[in-house]
Novice: 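Quick one: the structure is below, questions incoming.
Naming convention: chains lettered A, B, ... in sequence-line order (proteins, then strands); numbering from 1 in each chain. Side-chain atoms are counted along with the backbone in the values below, which use heavy atoms only and exclude waters and symmetry mates.
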Amino acid sequence: MLQAIADGLLNGSIIALGAIGLTLTMGILRFANFAHAELITWGAYVALAVVAVLPPLVGAIAPFSFGLPLLIGIVVAMAASSALALAADAAVFRPLRARRSESMTLVFASFGVALLVRMAVLLIFGGSAQYYSNELTFAVEVLPGLMLLPDQVFTFGLTAALWLALHLFLQRTTLGLSMRALAENPDLTRVNGVDVARVTRWTWIIGGSMAAIAGVLYGLSVQLRPEIGFHLILPLFTAAILGGLGNVTGALMGGMIVGLAESLSVLIIPPEYKPAVPFLILLAVLFIRPGGLFGALGVAR
Amino acid sequence: MIRQRLLACLAAATAIAAAQSAAAQDCTINIGAVLSITGPNAAIGSAIGDAGRLAVDHFNEAGGAAGCKLNFVLRDDQGQPNVGVDAAKTLVSIDRSPVILGAIASGVSLPILTSVSVPSKVTQISCCSSAPTFTELAEEGGTQGYFFRTLPTDRPQAVVMAKIAKEKGYGSVAIIYVNSDYGNAMAKNFTAAAEAQGIEVTDVVGYNQEQASYRAEVSAALKGKPDALFLVAFPADGATITREWLAFGGSKQLLLSNAMRAREYVEAVGAQHLTEAVGIDNAQTEGPSVEAFNAAWTAEKGSPPEGPGLHTMYDATAVALLALEKAGAPDGTAIRDAVREVTGGQGTTIYPGPEGFAKAKELIAAGEPITYEGATGPIKFDENGDVTGPYLIWGVADGELTTLDQWDMARVDAALAEVSGQ
């Protein structure tokens, strides 16, 4: 039981990071971006390339399985995923927005972008599973019946820190305020002289960076495959919708709920049915609280 | 009745063949294969495709089949049944392939068989699908004889693994298996065989492929604190599960199914953690026909053929092409019937390679009987299209895959009799 809760929270942190980026772009740019999941894959693989190229400067930092190269890899991956998000926006989404295309057009365009990115990753890195480090680290029994990997603690801590940073950013900075305003009422925001293009750009950068970190953490705790993003789409959307679109704290909670539900479900139902759990949650939320459990578009106002 | 039909088929086929050889070789027959180039079997899929291509190349060097040049068409099933069925449909209706080679996973081969091969009357030969479902389907008449496979079924594998667990003195074993026809059958057969020998099976946990994490499944299997784990998986997911199993304090005493006999798996888990692991795979029988294939592969690739499915895929392709030559025309039903005429032990023995296939073409043209002895040794399909074969037990030593033991047919049969006798 304790183990299942810990597993769920850790898996939930990865989903939460992805969902935070997704909820921001969905809330502020107002379309369901299916390509967001591919930013996760892209970030994870860019970090792998960095780790492969860099010499192991100091070796692994005990007790973790990774060293300085991966930390550098995370930073490069954040830049690479942001760049990809901006490029996709410039090449595909911005022209469509300029034409005042319907949101469904944008959704389908995002499918196209997603496929392109996934296939590019497959071409560059190949289809087989890879790892940042082939060294195994062993779990430590923290409490009776609760085993934790050092890497998992890192994942959890990083997620919490990022959430806090983003929360403060949205609450305390002018750019954060502009983002919230744009999510609330685009026309009014524009009238008030906010540089919408700049806010959009920063939304992509933050969303892309979060996705890249989620990808690296996923690769760290599971493995790297070109289908990572594709298989995360459902949990990500569930978490984002659960939390209410545009709601960062909601997305964090949503991610944790999805992770916990998947993990705890195994205690009751056979594990083969685990992948259905996010579906059920999604359906339940859409029926009962379509706006999300934590209300839409608000960041703890 | 059948014989008469066969004779009629043959007569027609010979007439067509004669007509075609007069028309020289300006025609091409596509030989279609559905394999996993991406997805959970990606680690082994493209090498298996190379084995099929090698057989087609060898046949082309020998002058093609049924008077035509052969073109190997490989399509990706991504490890997914719906994608595999689409790929097979394309091969049959657009590429006009008279055979379908594949797929790898039983869960993909089965829907291809029932919704493409049988309705389109195309012969399907799988290199790698070992689920007993195909045998059951054939017994019920559902395959109409269009399905063959060059890999033995699972049941003996599970029984042999249970025997090994007993020999090693494991008192309790947990099972984690891939939730597919193949995995379900392995888990069921292993449980029955283990319990028949007094081994306690603590937890039987199925998993779905390509999950974000297998920690929940691993935790469930760890609950009973078993002496050993029997893992039925494919290399990519199998490596993740093994890593999580070991990291969370699971026993190093692992029993592994055949697909994990791949370098990718050993590297991903770390060879130093697999010193107590044993796995099973279909054995490469020894003999001149096996060496002929090994030599041809090594000459082509620069390294010996290692990994699952290479030998069986070469044989699946070779049998299909010999049957095509015998049938004389790219007709699925004629090929189905000819498969049994080019295998089974009656006639001049044919070995893998261009020379062997050239000899086969001469003998077929002269109306002489032939029998193919392939990369997996002599091949004889039973009435359900199944073959039997020996097994090898593999382990990891000094960072490399090694063979620990051989189980010939007599030993496998004895184990089967012992377990089912109790």
Novice: Calculate, to the nearest 0.5 Å, the distance between atoms CD and CD belonging to B:Glu244 and A:Gln223 respectively.
Specialist: 9.0 Å
Novice: For a side chain to side chain contact (heavy atoms under 4.5 Å, CB included) check, start with the C-alpha distance between B:Phe248 and A:Leu149, then their side-chain angles and the critical distance, and finish with the verdict.
Specialist: CA-CA 8 Å; B:Phe248 283 86; A:Leu149 282 172; 4.1 Å; yes
Novice: Could you tell me which residues satisfy ring pair (Phe, Tyr, Trp, His ring centres under 6.0 Å) with B:Trp394, sequence neighbours excluded, listed by chain and number?
Specialist: none
Novice: Walk me through whether A:Tyr131 and B:Thr240 qualify under side chain to side chain contact (heavy atoms under 4.5 Å, CB included).
Specialist: CA-CA 10 Å; A:Tyr131 298 87; B:Thr240 308; 3.5 Å; yes
Novice: Under 4.5 Å, counting heavy-atom pairs only, tell me which of B:Gly206, B:Ala216, B:Gly249 racks up the most with chain A.
Specialist: B:Gly206
Novice: Under 4.5 Å from any heavy atom of chain A, what part of B:Ala247 do you find: side chain, backbone, both or neither?
Specialist: both
Novice: Side chain from CB out, backbone as N, CA, C, O: work out which of these in B:Tyr265 comes under 4.5 Å of a heavy atom of chain A, or both, or neither.
Specialist: neither
Novice: Does any part of the side chain of A:His231, heavy atoms only, come nearer than 4.5 Å to the side chain of B:Gln209, both counted from C-beta?
Specialist: no
Novice: Counting only heavy atoms from other residues, nucleotides and ligands, does the tally under 6.0 Å from CZ of A:Phe138 exceed 12?
Specialist: yes
Novice: Measure A:Leu267 against the heavy atoms of chain B and call it side chain, backbone, both or neither at under 4.5 Å.
Specialist: neither
Novice: For B:Ser219, is there any backbone N or O sitting under 3.5 Å from a side-chain donor or acceptor partner on A:Gln3?
Specialist: no
Novice: Which pairs, with at least one residue in residues 38-47 of chain B and sequence neighbours excluded, count as a side-chain hydrogen bond (donor to acceptor under 3.5 Å, both in side chains)?
Specialist: B:Thr38-B:Asp76
Novice: Where do B:Gln78 and A:Glu227 land on the side chain to side chain contact (heavy atoms under 4.5 Å, CB included) test, with the steps shown first?
Specialist: CA-CA 11 Å; B:Gln78 299 173 16; A:Glu227 308 93 12; over 6 Å; no
Novice: For the NZ atom on B:Lys225, are there more than 12 heavy atoms of other groups (residues, nucleotides or ligands in this structure) within a distance under 6.0 Å?
Specialist: no
